[in-house]
Amino acid sequence: MAFPKNFLWGGATAANQCEGAFLDDGKGLSVPDMLLGGDVNTPRTFCPTIEKNRFYPSHQAIDMYHHYKEDIALFAEMGFKCYRLSIAWTRILPNGDDDSPNEAGLAFYEDLFRECRKYGIEPLVTIDHFDTPIALIKKYGGWRDRRMIDAYLKYCRAIFTRYKDLVKYWITFNEINMLLHMSFMGAGIAFAEGEDKEQVKYTAAHHELLASAKAVKMAHEIIPDVKVGCMLAAGQFYPYSCSPADVWDSLEKDRDNYFFIDVQARGEYPVWAMKRMEKAGLNADFSSEDIETLKNGTVDFVAFSYYSSRCTTADPEIFAKHAKPGNAVFRSVVNPYLKSSEWGWQIDPLGLRITANTLYDRYQKPLFVVENGLGANDTVEADGKIHDPYRIEYLKAHLLALRDAINEDGIPVMGFTAWGCIDLVSASSGEMKKRYGFIYVDKDDEGKGTLARSRKDSFYWYKGVIESAGASLDEE
Ligand code: BGP
């Protein structure tokens with residue numbers, strides 16, 4: 001059984017994880033430029049000034065800034081119909097809110113989009129992928145300040161106007177719900193001592209939701225036939241047991257994340273969120289104008305990343321006993337029914353079908369799987385080959401589950417872009433060795449390597465999947 005005819009098969013990357021060239025052609029600094037590397041147990045640390053002799057993984061990354069033609073040619077060889085990438089806000093507006101955009105930055109992406117189109121590859125562009133400009137953090141303290149909305153819209157206007165004939169698919173914020181879990185990476189927010197964190201987070205969330213709604217409206221005014229989506233870091237919370245308290249706990253944890261998409265897809269805050277905020281004494285600084293803005297800026301599709309399901313319990317003792325080790329972003333307990341990756345991410349293909357069904361039941365908008373994949377250590381053999389059956393196995397199982405969601409459950413899914421289709425810097429750990437790619441990049445965690453690209457076994461496998469519209473998944 002095949003996937004739909006116009007299914008957008010492809011891969012996904014983010015500017016700060018692959019481009020490098022962090023100061024070239026007038027680019028300004030953004031959050032990832034100041035992050036040092038970590039590892040599976042150690043979160044990345046922010047370094048407020050750039051210091052010599054320290055290694056910043058994103059400064060060179062895989063230098064896609066200078067390799068994009070070669071990389072897009074490889075994507076085309078695999079048969080990509082779509083390439084999800086992000087624009088670096090500070091290549092366009094180096095200070096985040098400059099009055100006129102930086103022509104060199106605009107020209108870079110224009111060339112890149114033309115290169116995609118040359119091969120019939122549809123660009124899908126994330127406007128802000130964990131990329132808050134440092135200048136705006138200094139000026140406003142990140143998204144806690146309402147003036148961020150105008151800065152973001154200035155940036156949107158510049159890119160919508162310039163690329164209106166080249167880009168028809170957009171996502172306003174990468175994994176918007178990450179703001180609650182990684183506030184600095186997600187929204188440029190550092191907390192002062194004793195500050196009410198919840199108040200700051202929900203204020204920032206309100207600002208991002210308004211910015212997103214206004215951007216959706218603006219895109220529809222400027223770009224003919226445009227489709228604009230929101231994006232969730234998805235993965236259903238399962239109750240650790242069938243105790244009602246665990247079920248309630250999982251429902252509440254899911255709501256924390258769905259909250260954002262509830263607003264972006266339906267145009268209003270859900271009742272439970274209003275109640276919860278009222279009880280917590282949180283003030284979202286609503287005006288009737290805000291209410292109108294949210295109503296008029298609902299998205300055309302719901303995009304999501306899916307790596308794993310999550311698991312939770314209301315019992316603090318059980319939680320402590322089974323808590324996931326490492327620096328997991330979502331606090332979760334280990335699900336005893338699932339295996340884990342080398343980085344402790346649990347592998348649950350059926351969870352993708354469950355998540356897709358839940359999202360569609362909730363929103364009735366077309367879905368787009370814009371990230372999925374396995375981060376793993378790869379070995380280059382003496383003959384230069386890279387055998388990665390584990391990656392193929394992971395992706396195959398997830399694509400089969402997605403195909404069931406489409407063909408068995410009837411859910412409209414626009415496409416699938418595998419995360420890190422070319423090896424890149426890990427967002428959570430800054431490592432290179434946590435590789436997701438079909439294309440191997442010769443670069444290590446100390447920054448050494450030739451940057452040469454080579455095809456892994458999964459490269460040929462994915463090419464076959466796309467060529468057969470998914471029919472090859474039925475082969476042994
Ligand atoms: C998502 C981010 C990506 C990406 C991916 C994998 O949260 O949108 O930027 O990196 O996760 O995570 P990691 O790189 O930490 O393995």
Side-chain angles (χ1 to χ4, degrees), residues 11-19 30-33 35-45 57-58 61-62 64 83-89 124-132 171-187 208 229-235 257 260-261 303-310 324 326-330 332 340-347 352 355 368-378 390-391 394-395 398 416-438 441 443 445:
T13 62
N16 65 74
Q17 292 173 259
C18 64
E19 283 176 6
S30 68
V31 166
D33 295 324
L35 292 176
L36 302 170
D39 60 36
V40 64
N41 295 311
T42 329
R44 302 178 68 182
T45 43
S58 293
I62 58 159
M64 200 193 251
Y83 171 38
R84 173 181 176 231
L85 68 149
S86 73
I87 293 180
W89 184 335
L124 162 61
V125 172
T126 317
I127 298 170
D128 181 0
H129 192 124
F130 299 158
D131 224 1
T132 312
I171 289 172
T172 53
F173 288 93
N174 180 62
E175 297 187 334
I176 189 165
N177 52 317
M178 280 299 190
L179 184 159
L180 298 181
H181 311 280
M182 299 193 306
S183 307
F184 192 65
M185 185 108 113
E208 287 201 358
C230 55
M231 183 189 166
L232 172 76
N257 295 307
F260 294 85
I261 311 303
F304 65 99
S305 60
Y306 176 85
Y307 293 91
S308 182
S309 54
R310 300 153 191 157
K324 257 199 195 159
N327 62 351
V329 174
F330 289 90
S332 192
S340 298
S341 77
E342 290 166 89
W343 270 263
W345 293 24
Q346 294 205 281
I347 301 174
L352 174 57
T355 298
F368 204 139
V369 183
V370 294
E371 286 186 30
N372 174 245
L374 180 73
N377 244 312
D378 291 325
Y390 35 88
R391 185 167 294 110
Y394 177 100
L395 285 165
H398 285 77
F416 177 91
T417 53
W419 174 251
C421 47
I422 178 164
D423 291 347
L424 39 63
V425 174
S426 153
S428 60
S429 73
E431 293 164 298
M432 263 311 295
K433 68 168 182 279
K434 190 180 186 191
R435 298 173 182 276
Y436 288 85
F438 303 116
V441 179
K443 169 113 193 240
D445 286 337

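Atoms within each ligand, like the ligands themselves, are counted from 1 in listed order. Heavy-atom basis, side chains included; hydrogens, waters and symmetry copies ignored.
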Using the side-chain hydrogen bond (donor to acceptor under 3.5 Å, both in side chains) rule, pick out the option among Asn377, Asp378, Asp423 that qualifies with Arg435.
-> Asp423
Between Trp343 and Glu431, does any side-chain donor sit less than 3.5 Å from a side-chain acceptor?
-> yes
Would you kindly say whether Ser426 and Tyr436 are connected by a side-chain donor-acceptor distance under 3.5 Å?
-> no
Partners of His398 by ring pair (Phe, Tyr, Trp, His ring centres under 6.0 Å), sequence neighbours excluded?
-> Tyr306, Tyr394
Under a strict 4.0 Å criterion on non-hydrogen atoms, which protein residues are in contact with ligand 1?
-> Gln17, His129, Phe130, Asn174, Glu175, Tyr307, Trp345, Glu371, Trp419, Ser426, Ala427, Ser428, Lys434, Tyr436
Thr126 and Asn174: side-chain donor and acceptor closer than 3.5 Å?
-> no
Any donor-acceptor N/O pair, Ser86 side chain to Ala15 backbone, under 3.5 Å = yes
